[in-house]
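FYI, side chains are in, hydrogens and waters are out, and symmetry mates aren't considered; it's all heavy atoms of this structure. Being a predicted model, the structure only gives us computed values, none of them experimental. Positions are given from 1, in the same order as the sequence printed here.
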Amino acid sequence: AYTPPKAQKQRVICYKFKQGTSETTIKKHIESFQDLKRAMPVIAGYSAGRTVSEEGQSNEYDVMHYLTFRTDEEIEKFRQSDEYQAFVSANE
């Protein structure tokens, strides 16, 4: 039986939202990225969440997406995909 190679490449994508961005919009952003995982088999693993800073410090980013891939080529396929490019455009 064929066993695909283990995921060995990680990519972290962070977003900082404009002040006043609603929680609904941020939740929709995260859900839209989750849809990418379902639509793109090159993404071997995915998790996301709100970032947390040290007490008394402001967050540099609001949301972090953590993706794993099997190869550099799969990362490039993801970056160049129409799905990801549409996501980036919709979340500027």
Side-chain angles (χ1 to χ4, degrees):
Y2 172 74
T3 304
K6 293 182 180 181
Q8 297 182 12
K9 305 289 181 172
Q10 293 83 38
R11 181 172 173 93
V12 176
I13 302 172
C14 299
Y15 283 86
K16 180 73 174 175
F17 295 96
K18 294 177 182 174
Q19 189 169 2
T21 301
S22 71
E23 285 298 316
T24 303
T25 300
I26 295 171
K27 184 178 177 185
K28 183 177 180 240
H29 164 89
I30 293 172
E31 290 170 353
S32 295
F33 211 110
Q34 289 170 340
D35 290 341
L36 288 175
K37 165 59 175 127
R38 288 187 273 279
M40 301 187 70
V42 295
I43 301 172
Y46 170 75
S47 65
R50 301 292 301 259
T51 61
V52 179
S53 64
E54 294 295 321
E55 189 173 321
Q57 297 179 355
S58 63
N59 290 344
E60 186 174 352
Y61 298 101
D62 296 312
V63 172
M64 181 192 81
H65 301 277
Y66 178 79
L67 301 98
T68 55
F69 299 88
R70 290 171 201 84
T71 65
D72 289 328
E73 292 79 19
E74 289 181 341
I75 293 172
E76 197 55 35
K77 281 183 188 178
F78 167 76
R79 286 182 10 83
Q80 299 298 323
S81 71
D82 292 339
E83 296 90 346
Y84 180 62
Q85 294 304 315
F87 174 85
V88 169
S89 294
N91 286 275
E92 287 186 307

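- The backbone N or O of Ser47 sits nowhere less than 3.5 Å from a side-chain atom of Gln34 that would complete a donor-acceptor pair.
- For the atom pair CG (Leu36) and OH (Tyr46), the distance works out to 8.0 Å, reported to the nearest 0.5 Å.
- Cluster membership check: Ile75 does not share its hydrophobic cluster with Tyr66, using side-chain heavy-atom separations under 4.5 Å among Ile, Leu, Val, Met, Phe, Trp and Tyr.
- Atoms CD and CZ, on Gln85 and Arg79 in that order, are 8.0 Å from each other to the nearest 0.5 Å.
- Panel note: side chain Lys16, backbone Asn59; a donor-acceptor pair is recorded below 3.5 Å.
- To the nearest 0.5 Å, atoms NE2 (His29) and OG1 (Thr21) are separated by 10.5 Å.
- Linking ILVMFWY residues whenever their side-chain heavy atoms come closer than 4.5 Å, directly or via other members, places Val88 and Ile30 in the same cluster.
- Screening Asp72, Val42, Thr71 for a side chain to side chain contact (heavy atoms under 4.5 Å, CB included) with Lys77, the sole residue that qualifies is Val42.
- Taking 4.0 Å as the cut-off between side-chain N and carboxylate O, Glu76 and Lys9 do not count as a salt-bridged pair.
- Put simply, the side chain of Glu23 reaches to within 4.5 Å of the side chain of Arg50, judged on heavy atoms.
- Contact between Ala44 and Lys37 at its shortest, heavy atoms only, is O-NZ, 3.8 Å.
- The shortest side-chain heavy-atom distance between Ile13 and Phe33 falls under the 4.5 Å cut-off.
- The shortest distance between side-chain heavy atoms of Asp35 and Phe87 does not fall below 4.5 Å.
- Between atom CD of residue Glu74 and atom CD1 of residue Ile43 there is a gap of 10.0 Å, rounded to the nearest 0.5 Å.
- Here the OH atom belonging to Tyr15 is positioned 9.5 Å from the CD atom belonging to Glu92, to the nearest 0.5 angstrom.
- Listed here is the closest heavy atom pair of Cys14 and Met64: SG-CG, 3.9 Å.
- Proximity of a side-chain donor or acceptor of Ser81 to a complementary backbone N or O of Phe78 within less than 3.5 Å is detected.
- Rounded to the nearest 0.5 angstrom, Thr68 OG1 and Arg11 CZ are separated by 13.0 Å.
- Heavy atoms from other residues, nucleotides or ligands lying under 6.0 Å from CD of Glu60 number 12 at most.
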